[in-house]
Amino acid sequence: MILQPAVLALLLIALLVAGMGIYAGYYGMRILGQWDPASGSEGQLELERRTYLVSTIMSYILSFELMSLFLFIYTADELHPLFTGAMCAAGTLAVNSFGYPALIIKVVNFLLAGVWLIVNYADNRGYDYPLIKVKYELLNLLVPLLVLEGVLLFAYFAGVKPDIITSCCGSLFSHESSGFSGDLAMLPHLPMQIAFFSGMAVTGASGLFFYIRGRAGYLFSISSTVTFLVAVASVLSFICLYFYELPTHHCPFCLLQKEYGYIGYFLYATLFGGVVAGIGTGVLMPFRKVGSLIRIIPAIQRRLVLVTLCCYLLFTLITGWKMVFSALTLG
Amino acid sequence: MKRAIERHLNILEFTLASLLRRKAKNFSLLAMYLMVVFMLASLQFFVTALKREAAIILDDAPDMVVQRLTAGRQDLVPTGHAAEIARIRGVTAVRPRLWGYYYDALNGANYTVMAGDDTSAKTESASIGSGVAKARNLAVGDLLPLIGYDKAPVMVEIGTIFPSGSDLIAADLIIISPANFQRLFNLPGGQATDLAVTVRNPKELATVAAKIAELFPGSRPILKSEIQRTYQSVFDWRGGMTLMILASALLSFIIFAWDKATGLSAEERKEIGILKSIGWETSDVLLLKFWEGIVISLTAFLLGTILAYGHVFFLSAPLFVQALKGWSVIYPRFQLVPVVDAYQLAVLFFLTVVPYTTATIIPCWRAATTDPDAAMRY
Amino acid sequence: MRRSLQFLLFTATVLAVFLLLPLHARHEQRHSGGELRQLRNLHVTDLCLATEARYTRHPAMADRHAPFQEHPLALEHFPSGSLILPTRLNRDKP
Amino acid sequence: MIELSNLTKSFNSGQPNQFTAVDNVTLAINPQQITVLKGPSGSGKTSLLSMIGCMARPTSGRIFLRGVAAALPFRQDGADAVEITSLPERFLNEIRRSTFGFIFQQFNLVKGISVLENVMLPAYPTGEGRAEFRARAVSLLEQFSIARLASQRVELLSGGELQRVAIARALINNPSIIIADEPTAHLDSKLSHEFMEIVGRLKGEGKSVLIASHDPIVFDSPLIDTLVEMRDGAIVASRSCR
């Protein structure tokens, strides 16, 4: 265990988020069980008030998750001198087997919290609480994940001891290494580039189609999600190479360092923002015909699509610009 | 968009008005918050700056220092060892060092006395740190009488006084010639305090250290990396403890904040009732409370950090002086070079603002869900 | 001016000062260290943080027993001794 | 036009101290008229007003608002009436803010801030530009000839001034219905008459006014159009005064 202020801060946030999650989840269960919009009883009024609390808590959780996600990566980056062999966050996270799961679940929780808030926003615009069940079932899904995140984070930091010999990003994300991350880095450049750009193109086309015609929302949502995954794999496989201008350095974290102008924060922010809005569009699809939302959801969806398109466009532009002007040329 | 901004500005307007109306309560809250942030930030700034200073200074430290231990105590090293160590492969130079402590009975100060290796200087001449100069009120050219082992005075003439900017190295130093060092302490012949070893390739340090330990079983080699690490964790011992104490201060502050937020006065409760009755919605009141939290915590955080910066780097951390100084008579002036980065500030933010915000969510919600018709029932 | 705008202006000013801190720090770092550099040839092993006890004046040179040598029965009792971590060499580890 | 049908409000339902404040009330309130609810304290007037004013939800029964629906961003199946009893709080609020202005027995002004700010307070969360509603507030103060008090704190005002500030505040969002709960309870006769005069003026401007009172100055006033008598949560008599 390393008693560093940053580690303390991260653990504190994890604790608070899990605590708030459980609290919100408890009332979510009560709302699911006792909800009766037709009744004007005091119990129902009380529950309706609780929905304000739950949505306030969730928006705090979302912002805490976002901030602590970056703090987590940055801290991992900061800690690397303590470990022999680690050269950036990649090595620090590999110190024990909880590092990467904690990171992944942090990302997942952030995405889910974002989607929840989108659904919540739509629900609040309808006068008869149309999505209340969906919303709180989603919350029940999210709460165990929030708790799991806290547990993983504790397990990770508890198991971190200085002077452990670990692998650095060079060996973790290299062609020689086996394992999932190595496999991702090993993906051949050209097919990945094709996959990446065609994914972006399909998302863009379906997004525009949806924006104009209001149809094929599922297609757009799925393609934006798939494109997100492809984009993450592409960062590992070829995008980062252009930023590092090294043909073998596949680390997704070094992008966040000062040497590269903190460009990573911007890249990942566009990617996360885009995919949250993209998934949100799809999640709202089944409720387009709900009476009180018939005019509201399409408007929200159009805005979400616009967010996704802008975010992905920025990401593609930066990537493309770097690919054209980088000193590195891949064969 | 414009409407949303107007709404925020209008509600912020009312927030400020209502905060100012309860000056005593809110300023005491702000002051406590400010104190907590200030202490945490000062400690962070102080320790990080010290670590950086140490890293720079210790870059010039000897590659390795070899001591001799007798019965667990540091003992004098025969200078003969130096020649043998110099023969180890990879060692480029071995320099016996002479240094020790001198207790000044006049003012109760401890000085560190070192034998200089500058042979060109006069034997009577000495260089002293600014702390010594201040403690004894000395100027260049003055004579400083030191009492030798046999009570015979050893007079040295002040040749140089190190500038106060070098206090972190030299505040209590007195550098005199080896001959004077001998007159002062009467070391047995052919002995040194320890040996400073220079090694050609830093990677061989560990091997060389192992060889020395094997060659002279009583010896204790200290590597430069170990010295550096000592200083990287210089305050970890109680620094962690202090953080814990401050954390408990933070905790009690949060309980205080929770209490303030929960224990709405009757007047405040009535006020929120009025707002709700004239058409404010729960989310409007939540926004009001959100802005209240922002105003308090942002002001406290920003001001606290800025004050801490001034305290540590412009005023040389007067609040930490008592803790660090202890019974020292000579105390260096901590003219620390500032070290602050975004990461440090972000961590501070997380440690102070996030818990406060979380602690106020539920009380705020409770206040915001006052019945709108409560105002009609007085 | 509206009070809310006044507050935002105040916060923006304080924020600007706050953001200047890292810049000021970097500037200071670039223009400092001259006086320390003059003393490089002393090859010091320790920082002069506290002068009351030899194991806190030279923590890197002191061994783990040093605090107890001041007096056979004394637990370390110098105030600075409670702040500064005793040295731990690699080989001292169990 | 407000229609109440079988409206019931009970508190602590299911517990031994259950208490029904409004019991099965059916009533129609005409637009652009002055309607007075008369009855002793505890007769359910205030509860009824708070349900009509979208402050509280009835335990059972329904309330329809006609003629306001067009102004709202949502509508139920194209009808011009809005059934407000099942709406969530945030929608009730929107209706309340745009449709109703309230005058309370205690005036309920916020202490420590100026008269002008008090008048503007209901407009804060609407997102309207400050300059716009400020101008409206100033003209309201002028209309009630208290413009000179604009920057004064409300603690320093006399009863009559307080009352006029409260009326100005009720009018800031340009509501079509004014609801007043025992407005004259803390006023002397002269001020009470003055109040009724103002109410008459409001009616002349096309506003509907709904007053709950047991003050003869109010319910015997020649200005009122309808008098509804309540006792124990139920309506005992309702007659037109024209």
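Each chain gets a letter, A, B and so on, in the order the sequences are listed, and its residues count up from 1. Every value quoted in this text rests on a predicted model; they were computed, and no experiment measured them.
- When each of B/Ile5, B/Asn10, B/Ile11, B/Leu20 is scored by its heavy-atom pairs under 4.5 Å with chain D, the top score falls to B/Asn10.
- When atom types are taken as modelled, the side chain of B/Lys289 and the backbone of B/Trp365 share no donor-acceptor pair closer than 3.5 angstrom.
- For residues 97-107 of chain D, the salt bridge (Lys or Arg N to Asp or Glu O under 4.0 Å) pairs, not counting sequence neighbours, are B/Asp284-D/Arg97.
- D/Lys45 and D/Pro40 make their closest contact through NZ-O, 3.3 Å (heavy atoms, listed as atom of the first residue, atom of the second, distance).
- Listed by chain and residue number, nothing satisfies the salt bridge (charged side-chain N to carboxylate O under 4.0 Å, His left out) test with B/Glu281 (two or more places apart in sequence, or in another chain).
- Of the two parts of D/Arg96, only the side chain, counted from C-beta on, holds a non-hydrogen atom closer than 4.5 Å to a non-hydrogen atom of chain B.
- Against chain B, the residues from residues 109-117 of chain D that qualify, each with a non-hydrogen atom under 4.5 angstrom away, are D/Leu109, D/Val110, D/Lys111, D/Gly112, D/Ile113, D/Glu117 in number order.
- Taking B/Lys2, B/Lys276, B/Arg22 one by one and counting their heavy-atom pairs under 4.5 Å with chain D, the maximum is reached by B/Lys276.
- Of the two parts of D/Phe107, neither the backbone nor the side chain holds a non-hydrogen atom closer than 4.5 Å to a non-hydrogen atom of chain B.
- Every residue was checked against the ring-ring contact (aromatic ring centres under 6.0 Å, His included) condition with B/Phe290, not counting sequence neighbours, and none meets it.
- In this structure the side chain of D/Asn108 never reaches within 4.5 angstrom of the side chain of D/Phe102, judged on heavy atoms.
- Annotation: side chain of B/Phe14 is in contact with side chain of B/Leu288 (closest heavy-atom distance under 4.5 Å).
- In this structure, chain D has a heavy atom under 4.5 Å from the side chain of B/Leu275, while its backbone stays farther away.
- Side-chain contact between D/Gln152 and D/Glu161 is absent, with no heavy-atom pair separated by less than 4.5 Å.
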